[in-house]
J.: 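This is the structure, below, for whatever I ask next.
Small disclaimer: the values here were computed from a predicted structure and weren't measured. Position 1 is the first residue of the sequence, and the numbers go up from there.
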Amino acid sequence: MKRALITGITGQDGLYLSELLLSKGYEVYGLIRGQNNPKAELVRSVVPDVKLLNGDITDLSSLIRAFSEAQPDEVYNLGAISFVAYSWENARLTSDVTGIGVLNVLEATRLYAGQDLSKVRFYQASSSEMFGKVQDVPQRESTLLWPRSPYGVAKVYGHYMTINYRESYGMHASSGILFNHESPRRGPEFVTRKITQAVARIALGLQDGIALGNLDAKRDWGFAGDYVEAMWLMLQQEQADDYVVATGETHSIREFLEVAFAHVGIDDWEGKVTQDPRFFRPAEVDLLIGDPTKAREQLGWQPKVGFDDLVRMMLDSDLAQQKELAGR
Ligand code: NDP
Ligand code: GDR
């Protein structure tokens, strides 16, 4: 039985990845931080077979303890401060967690492997935010990185550190440059879930409108359940490498709103959406669209859920959730 250690277990991807690995017969360990993390209950209810270990990716000794307990064959480093807008307000903290945290997990992996680096494989959750002010359309593995936020800069550090551990020590360390991926488990601070939650409430007569920032930004949105499969596939390859994981399609926030409101039968939605300067960013990433050719050809990976189905899946889930809340 293979053993996996996942950081960021309480997040969207941590849950989907746990489900995938458990379905493949893995013994799964999840690193959980804080003295009474409120999301521990969620993990225990969704994936009760995951074994939780205390630790924080900013604390190397806690990682060393977790590694010694989990004895992993595969390490998935998903832990991060992942909300781009928050990263301007907490740039130093974001650098410590999202940047230096990667170095800590790499170092814990190296120390745990000792002389036998072949005993463990490492995955880093890199991001399309590293492309920022895009230098190619679509963006691929070779595209010059030009991050536009403290979060993006921290991810670039983690990305190159992962490559450096691969090149310096021969570690099986791969970096997945994942474009935005969403699901009913997406945090409500991200624009997709913020919209589907609000549209569900508007449809049910529970609220009148929604305040957003820039509606013209374009993102390459896929389904998180598909994307965790790409993570796993990367660690099954003989050679570690870096891969863009994306759908190859891009849509604006406005188009997302269009599909969401149409799904609940509202056509005249423009009056329900206001633009609020609070939600604009100091520097925006205007256009992201990934070229997933390498992932398709080398990993055999393809996304299964398309844009319209993703919006509808999230909205249906929020409609059910909001109805239940309203009925209480
Ligand atoms: P989430 O924000 O849902 O989850 C982030 C996770 O990181 C949480 O489990 C959080 O735990 C954990 N975490 C935060 N700080 C620490 C810390 N100091 N030590 C250990 N764990 C910590 O993110 P997603 O699941 O969406 O994303 C997973 C990873 O993939 C992240 O690294 C993200 O940056 C990256 N990524 C995500 C993309 C996406 O579209 N979703 C695209 C590209 C990259 P806690 O409960 O303690 O807060
Ligand atoms: P992003 O996701 O920054 O791409 O990072 P987010 O959903 O926060 O923003 C996407 C785009 O929507 C615009 N936007 C708004 N965003 C939010 N959150 N709230 C609003 O009200 C709003 N109005 C407009 C933003 O300006 C932006 O252009 C996500 C995270 O998961 C990262 O961790 C990950 O690395 C990248 O995706 C790929």
J.: Look at K133 together with D286 and state whether they make a salt bridge at an N to O cut-off of under 4.0 Å.
T.: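 Looking at D286 together with K133, the answer is no, because their closest N to O distance does not fall below 4.0 Å.
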J.: Between D13 and R185, does at least one N-O distance fall below 4.0 Å, as a salt bridge requires?
T.: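 No, D13 and R185 are not salt-bridged.
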J.: Hey, are D309 and R312 close enough for a salt bridge, meaning a charged N less than 4.0 Å from a carboxylate O?
T.: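 Yes, this pair counts.
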J.: Tell me whether K155 forms a cation-pi arrangement with Y160, defined as NZ or CZ under 6.0 Å from the six-membered ring centre and within 45 degrees of its axis.
T.: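 So K155 doesn't make the cation-pi contact.
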J.: Considering only NZ, NE, NH1 and NH2 on the basic side and carboxylate oxygens on the acidic side, decide whether R121 and E238 come within less than 4.0 Å.
T.: no
J.: Within this structure, what is the CG-CG distance for the pair L5 and L21, rounded to the nearest 0.5 Å?
T.: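 If I round to the nearest 0.5 Å, the distance is 11.0 Å.
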J.: Over 60° means perpendicular and under 30° means parallel, so classify the ring planes of F83 and F190, tilted if in between.
T.: perpendicular
J.: Ring centroids only, cut at 6.0 angstrom: are W301 and Y227 within range, meaning strictly under it?
T.: yes
J.: Provide the closest heavy-atom pair for V47 versus S18 in the form atom of the first, atom of the second, distance.
T.: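 Here V47 and S18 meet closest at CG1-CB, 3.9 Å.
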J.: Shared ILVMFWY cluster between L212 and V84, side chains joined below 4.5 angstrom?
T.: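 No, L212 and V84 fall in different hydrophobic clusters.
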J.: Using a 6.0 Å distance limit plus a 45 degree cone around the ring axis, check whether R110 lies over the aromatic ring of Y169.
T.: yes
J.: Has D208 got more than 12 heavy atoms of other residues, nucleotides or ligands less than 6.0 Å from its CG?
T.: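 No.
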J.: Would you please indicate if the ring centroids of F261 and F256 are separated by under 6.0 Å?
T.: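 Between F256 and F261, which both carry aromatic rings, the centre distance is not below 6.0 Å.
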J.: Determine, stepwise, if the pair E229 / K304 fulfils salt bridge (charged side-chain N to carboxylate O under 4.0 Å, His left out).
T.: CA-CA 11 Å; E229 270 194 61; K304 297 186 190 86; 3.0 Å; yes
J.: Name the orientation class of the two ring planes belonging to F307 and H251 (parallel below 30°, tilted from 30 to 60°, perpendicular beyond 60°).
T.: parallel
J.: At their closest point, which heavy atom of A246 faces which heavy atom of P303, and how far apart are they?
T.: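 Reported closest heavy-atom pair: O-CG, 4.3 Å.
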J.: Would K2 count as a cation-pi partner of Y26, with NZ or CZ less than 6.0 Å from the six-membered ring centre and within 45° of the ring normal?
T.: no
